[in-house]
Amino acid sequence: MSNLIIVGADGSGNATAAIEWAADDAARMGLPLRIVTAVQRWPNDIPKFPAPEWEDAVTESFQKVLAAAEETARSRQPGIEVTTTLIEGPPSLVLREQGKDATEVVVGTRGLGGFAGAVIGSVSVHVAGHVHCPVVVVRPGPAGTHGEITVGLDDSEACEPALAYAFEQARLRGSTLRALYAWQVPVHIYAPEIVYDMDEFRAAHDKVMTDRLTGWRERYPEVKVIEDVRRAHAVEALSDASDTCDLLVVGSHGRGALGSLFLGSVSRGVLHHARCSVAVVRS
């Protein structure tokens, strides 16, 4: 894996927000930024063999998109290294291929032109399900307004990569980290013949949180951590937390060639419902 950040560009306002976010992260991490635009030359309503001038016009149009995107990144963070590339192919496949060499892939929530499919549920889900580096889906709006990052965790080792990413982001930004653990009462608890102690349930879940964070607190003593244990569905709890944080970090259990189908109900639900930018980190 190379040390660089990839961001998709298509000239839309949402892509511009993603470029600004990626430029800021490149500056924080001290990494180069690569801006990528995907060109699909043969949509269904275009003749298979268009006139050469049509091809030239399409290429020129996308080159202008890249030039504007590069200017946005350099204006945002003058000190970073920026390169651009124009690649032919479907946006999701282009980003998947580029993601093989990336530390992080950044996309907007919606797009036009080369990244018209970059809507939650299509390109974003596809890329997050296949790319092994963190994928950040940027929602437009003021950046860094809350000074807090939220990370979802559970009682499995699979959330460790998400915790690693979240703690490092919190350190780089000087942000507070809210570690959120959501739990629900088992359905069978309501059976009349079974008696449960709810205080024991809460204590057990509090211990899961404390145990999971102990090592990370030691590695990142400078990061202020809020332990937040909620009795709620994970998607609901994380979506609610997104109102008061700048970045929401979730883990994913994507597997193999069909990774996007195994993105997970929680990470998929959060992508649809969160009100802030979301980072999906594969386990």
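The structure places OG1 of Thr150 at 7.5 Å from CG of Leu177, a figure rounded to the nearest 0.5 Å. The distance from atom CG of Leu33 to atom CD1 of Ile6, rounded to the nearest 0.5 Å, is 8.0 Å. Atom NZ of Lys100 and atom CG of Leu95 lie 13.0 Å apart (nearest 0.5 Å). The CE atom of Met209 lies 11.0 Å from the CG atom of Asp211; values are rounded to the nearest 0.5 Å. Put simply, OG on Ser175 and CG on Leu247 are 9.0 Å apart, with the number rounded to the nearest 0.5 Å. Taking CG from Leu153 and CZ from Arg212, the interatomic distance works out to 7.5 Å, rounded to the nearest 0.5 Å.
Here the closest heavy-atom approach between residue Ala166 and residue Val151 is recorded as CB-CB, 3.6 Å. Smallest separation of non-hydrogen atoms from Tyr181 and Asp155: CE1-N, 3.9 Å. Contact between Leu180 and Ala241 at its shortest, heavy atoms only, is CD1-CB, 3.7 Å. In terms of heavy-atom proximity, Thr37 sits nearest to Ala9 at OG1-O, 2.8 Å. The minimum heavy-atom distance linking Asn3 with Thr103 is given by the pair CA-OG1, 3.3 Å. Heavy-atom minimum distance, Asp154 versus Val208: O-CG1, 4.1 Å.
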Item to check | Derivation of the side chain to side chain contact (heavy atoms under 4.5 Å, CB included) call for Ile149 and Val249 | outcome: CA-CA 8 Å; Ile149 292 172; Val249 183; 4.1 Å; yes
Next on the checklist: For Glu227 and Arg178: C-alpha separation, side-chain torsions, deciding distance, then whether salt bridge (charged side-chain N to carboxylate O under 4.0 Å, His left out) applies.
Outcome noted: CA-CA 6 Å; Glu227 295 188 13; Arg178 178 179 298 274; over 6 Å; no
Next on the checklist: Using salt bridge (charged side-chain N to carboxylate O under 4.0 Å, His left out), reason through Lys224 and Glu148 one step at a time and then give a plain yes or no.
Outcome noted: CA-CA 10 Å; Lys224 178 184 176 182; Glu148 184 171 297; over 6 Å; no
Next on the checklist: Evaluate Val107 against Val138 for side chain to side chain contact (heavy atoms under 4.5 Å, CB included), listing each step before the verdict.
Outcome noted: CA-CA 6 Å; Val107 294; Val138 177; over 6 Å; no
Checklist entry - Hey, mind stepping through Glu71 and Arg74 against salt bridge (charged side-chain N to carboxylate O under 4.0 Å, His left out) and telling me if it holds? => result CA-CA 5 Å; Glu71 176 59 28; Arg74 292 189 185 279; over 6 Å; no
Item to check | Check against side chain to side chain contact (heavy atoms under 4.5 Å, CB included), Arg171 and Arg219 | outcome: CA-CA 11 Å; Arg171 183 188 71 82; Arg219 272 173 269 185; over 6 Å; no
Next on the checklist: What verdict does the side chain to side chain contact (heavy atoms under 4.5 Å, CB included) test give for Gln98 and Arg34, after you've listed the backbone C-alpha separation in whole Å, the side-chain angles of each residue and the deciding distance to 0.1 Å?
Outcome noted: CA-CA 9 Å; Gln98 290 289 303; Arg34 179 188 296 166; 2.8 Å; yes
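Asn14 and Ser12 share no donor-acceptor pair across their side chains, judged by distance under 3.5 Å alone.
Put simply, the side chain of Thr210 never gets that close to the backbone of Lys207: no donor and acceptor are under 3.5 Å apart. Panel note: side chain Asp246, backbone Gly147; a donor-acceptor pair is recorded below 3.5 Å.
Two different hydrophobic clusters hold Ile226 and Tyr165 under the rule that ILVMFWY side chains link at heavy-atom gaps under 4.5 Å. Val65 and Ile35 fall into different hydrophobic clusters, where Ile, Leu, Val, Met, Phe, Trp and Tyr side chains are chained together by heavy-atom contacts under 4.5 Å.
Val281 has its side chain out of reach of Val135: every pair of non-hydrogen atoms, C-beta onward, lies at least 4.5 Å apart. Here the side chains of Leu248 and Ser277 are not in contact, with every heavy-atom distance at 4.5 Å or above. Inter-residue side-chain proximity for Val94 and Glu88 is flagged as unmet; no heavy-atom pair is nearer than 4.5 Å. In this structure, the side chains of Val266 and Leu238 come closer than 4.5 Å at one or more pairs of heavy atoms. Proximity of Arg275 to Asp240: side-chain heavy atoms (C-beta onward) are separated by under 4.5 Å at one or more points. Inter-residue side-chain proximity for His273 and Glu236 is flagged as unmet; no heavy-atom pair is nearer than 4.5 Å. Counting only heavy atoms from C-beta outward, the side chains of Glu104 and Leu31 never approach each other to under 4.5 Å. Side-chain atoms of Val137 and Val280, non-hydrogen and from C-beta on, never get closer than 4.5 Å to each other.
Annotation: ring pair (Phe, Tyr, Trp, His ring centres under 6.0 Å) contacts of Tyr220 (sequence neighbours excluded): Phe167.
Just one of Asp25, Thr72, Asp24 meets the side-chain hydrogen bond (donor to acceptor under 3.5 Å, both in side chains) condition when paired with Gln77; it is Asp24.
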